[in-house]
Amino acid sequence: MPHISLDEVTMRFGDIYAVKDIDLVIRDGEYLTILGPSGCGKTSLIKIICGLWTPTEGRVSIDGVDVTDVPIEDRHVGYVFQNIALFPHMKVLKNVSFGPRMQGRTVEEGREIAEKSLRLVNMLERLEMFPRELSGGEQQKVSIARALASGARLMLLDEPLSALDARVRMDLRYEIRRLVKDLGITVVHVTHDQDEAMSVSDRIVVMRNGGIVETDTPMRLYRRPNNLFTAYFIGETNLMEGMVSGKDDRNLLVRLRDGTDVKVGGNRHFQVNDGVILSVRPEYVYTAKEGLHSTVLQVIYLGSYWRVVTRSNSADIVEYNIPKHREPPAIGDKVSLVFNRKMSMVYKRPREGTSEAIRLE
Ligand SMILES: Nc1ncnc2c1ncn2[C@@H]1O[C@H](COP(=O)(O)OP(=O)(O)OP(=O)(O)O)[C@@H](O)[C@H]1O
Ligand SMILES: [Mg+2]
């Protein structure tokens with residue numbers, strides 16, 4: 001099974017860096033997603049891995065063999081590109097058996113392989129249809145079958161589900177994961193949908209501005225993001241500006257702009273007077289007798305819970321959840337908010353300002 005490594009990979013077009021200084025190891029059989037805002041370099045990275053592009057600098061290797069200068073047709077990767085790209089003049093069967101035929105298989109062998117992979121995506125009964133006779137989701141399934149039929153042990157999926165309805169997208173994402181895990185295929189899946197990335201990945205690479213922000217399991221990226229951008233980009237979070245007002249060997253005190261002190265666990269490397277950003281996910285914000293004084297701005301019903309949006313005395317927008325069976329507060333009500341000490345994260349206040357540090361571009 002393939003394992004891929006990228007070593008200081010950079011792709012530059014004049015002054016524009018599509019990707020910059022990428023170091024990444026993708027493990028055998030891993031389901032890795034690349035997640036990041038539009039234009040951050042996700043497709044570029046896929047093109048470099050599959051061999052469509054030779055990077056300006058750096059090396060790519062597959063199974064320990066340097067393939068930096070090996071063209072796409074000799075890398076044995078299957079790919080599904082961002083825009084559905086079935087051959088429009090070929091029926092489903094021919095589209096899917098195209099790869100095996102090109103590899104020198106007979107018509108019968110090609111058909112057998114195509115049928116096997118179409119069965120895996122539940123599209124066997126569409127053999128004799130043209131792509132234009134299929135829905136977008138069905139075309140995507142055929143693209144995936146075609147990639148599987150190519151016999152590749154490495155699959156590169158660039159936004160394979162982005163053209164689909166939310167419902168179909170959800171069904172298909174689990175189907176793809178189950179399929180490739182059954183077959184032991186290594187997958188690199190590009191998406192800008194964080195729910196999709198969270199639900200299918202072994203690990204997620206968070207990208208921004210052509211670089212990697214951090215790489216980790218979905219759970220660690222959600223619970224313990226190392227970086228302010230990750231905290232903001234994955235899941236939802238409340239960000240509050242503050243300053244370290246005290247510390248002992250177990251906790252840090254963070255003073256918010258209205259003078260409220262918030263106790264947070266860990267974070268021993270900060271010093272008193274450091275400018276920081278406190279990040280707390282809505283599910284770790286609770287109401288209490290004493291806490292950060294806030295005024296309710298909005299109450300939103302979200303089916304399984306209520307979302308309460310407040311403006312605090314520290315001038316931060318702070319959101320929290322309450323269970324659906326509880327009575328929500330009314331707009332204008334005063335509430336006091338406290339934060340789960342262990343699930344509060346603290347980051348160094350970025351020199352460029354918070355809004356710049358989390359800007360999606
Ligand atoms: N052929 C090219 N020539 C010049 N610049 C390019 C070229 N291809 C990509 N870029 C630039 O590289 C950057 C990264 O593009 P890329 O397509 O990798 O983004 P992406 O993360 O896939 O975005 P999206 O989510 O919108 O698909 C962009 O700024 C883009 O303009
Ligand atoms: Mg792209």
Side-chain angles (χ1 to χ4, degrees), residues 35 165-171 173-174 177 191 193-201 204 206 216-225 228-242 250-267 276-347 354 358:
L35 177 67
D165 289 345
R167 185 68 242 177
V168 182
R169 207 156 68 208
M170 278 222 245
D171 291 345
R173 64 163 83 136
Y174 297 118
R177 182 178 159 101
T191 179
D193 177 337
Q194 51 124 337
D195 283 338
E196 192 173 299
M198 287 291 284
S199 54
V200 296
S201 317
I204 299 173
V206 181
D216 217 327
T217 60
M219 196 195 272
R220 282 197 61 85
L221 288 179
Y222 188 83
R223 293 172 66 91
R224 291 269 170 262
L228 178 61
F229 179 76
T230 313
Y232 174 75
F233 192 64
I234 292 192
E236 294 178 286
T237 198
N238 296 296
L239 299 178
M240 292 161 268
E241 224 168 80
R250 289 187 37 221
N251 296 298
L252 210 58
L253 272 188
V254 173
R255 182 159 299 164
L256 302 180
R257 284 177 289 194
D258 67 333
T260 304
D261 278 328
V262 177
K263 196 187 260 192
V264 295
N267 300 292
V276 293
I277 305 291
L278 177 66
S279 164
V280 192
R281 303 215 181 265
E283 65 269 32
Y284 297 116
V285 177
Y286 320 113
T287 51
K289 279 223 169 64
E290 234 347 281
L292 176 64
H293 294 285
S294 307
T295 307
V296 175
L297 295 182
Q298 217 182 343
V299 179
I300 306 161
Y301 177 66
L302 290 172
S304 52
Y305 60 91
W306 297 93
R307 168 58 57 86
V308 183
V309 183
T310 72
R311 183 189 301 282
S312 69
N313 280 4
S314 61
D316 296 297
I317 297 293
V318 182
E319 304 192 6
Y320 67 99
N321 301 337
I322 53 177
K324 61 175 187 299
H325 56 268
R326 289 232 322 257
E327 184 73 18
I331 291 171
D333 279 2
K334 305 287 182 197
V335 289
S336 288
L337 303 177
V338 293
F339 310 115
N340 183 313
R341 187 175 62 85
K342 288 192 176 144
M343 297 308 292
S344 299
M345 300 295 293
V346 178
Y347 302 95
T354 308
I358 60 175

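All heavy atoms count here, side chains included; hydrogens, waters and symmetry mates do not.
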Nearest 0.5 Å please: distance from the CD atom of Gln194 over to the OG atom of Ser201. 11.0 Å
Minimal non-hydrogen separation, Thr295 against Gly332, with atom names: CG2-O, 3.8 Å
CD-CH2 distance between Glu327 and Trp306, expressed to the nearest 0.5 angstrom: 7.5 Å
May I ask you to test the Leu278-Val264 pair for a side-chain heavy-atom distance under 4.5 Å? yes
Validation row: Pro225, Phe233 side chains within 4.5 angstrom (heavy atoms): no
Report the C-alpha distance between Glu241 and Arg257 in whole Å, list the side-chain angles of each, state the deciding distance to 0.1 Å, and finish with yes or no for side-chain contact (heavy atoms from CB on, under 4.5 Å). CA-CA 7 Å; Glu241 224 168 80; Arg257 284 177 289 194; 4.1 Å; yes
I'd like to know if the side chain of Arg341 and the backbone of Val262 have a donor-acceptor N/O pair within less than 3.5 Å. no
Does the Asn238 side chain pair with the main chain of Val280, one donor and one acceptor, at a distance under 3.5 Å? yes
I'd like to check Leu239 versus Tyr347 (side-chain heavy atoms, cut-off strictly below 4.5 Å). Are they in contact? no
Do Arg307 and Glu319 have side chains that approach each other closer than 4.5 Å (heavy atoms only, starting at C-beta)? yes
Please report the closest heavy-atom contact between Tyr320 and Val335, naming both atoms and the distance. OH-CG1, 3.8 Å
Could you pull out the closest heavy-atom pair between Glu290 and Ser336, with the gap in Å? C-CB, 4.0 Å
Please report the closest heavy-atom contact between Asp333 and Ala330, naming both atoms and the distance. OD2-N, 2.8 Å
To the nearest 0.5 Å, tell me how far Ile234 CD1 sits from Leu221 CG. 4.5 Å
Determine whether a donor-acceptor pair (N or O, by modelled atom type, separation under 3.5 Å) exists between the side chain of Ser294 and the backbone of Leu292. yes
Any chance CZ of Arg311 has more than 12 other-residue heavy atoms, nucleotides or ligands included, within less than 6.0 Å? no
Is the shortest side-chain heavy-atom distance between Ile317 and Leu297 below 4.5 Å? yes
Determine whether Thr354 and Tyr232 satisfy the following criterion, side-chain contact (heavy atoms from CB on, under 4.5 Å), listing intermediate values before the conclusion. CA-CA 11 Å; Thr354 308; Tyr232 174 75; over 6 Å; no
Does atom CZ of Arg223 have more than 12 heavy-atom neighbours from other groups under 6.0 Å away? no
Determine whether Leu337 and Ser312 make a side-chain contact, defined as any pair of heavy atoms from C-beta on separated by less than 4.5 Å. no
For the residue pair Asp316 and Ser314, confirm or rule out a side-chain donor-acceptor distance under 3.5 Å. yes
Asp216 side, atom CG; Tyr222 side, atom OH - distance, nearest 0.5 Å: 15.5 Å
Between CZ on residue Arg326 and OG1 on residue Thr287, distance to nearest 0.5 Å: 6.0 Å
Carefully, step by step, assess Phe339 and Val254 under the rule side-chain contact (heavy atoms from CB on, under 4.5 Å). CA-CA 12 Å; Phe339 310 115; Val254 173; over 6 Å; no
Lys/Arg-Asp/Glu bridge criterion (N-O < 4.0 Å) met for Arg169, Asp193: yes
Minimum heavy-atom separation for Met343 and Arg224, please, with both atom names. SD-NH2, 4.1 Å
Other residues, nucleotides and ligands only: do more than 12 of their heavy atoms fall within 6.0 Å of OH on Tyr284? yes
dist Arg250:CZ -> Lys263:NZ (nearest 0.5 Å) comes out at 8.0 Å
If you take all heavy atoms of Ile322 and Pro328, which pair is closest and at what distance? CD1-CA, 3.5 Å
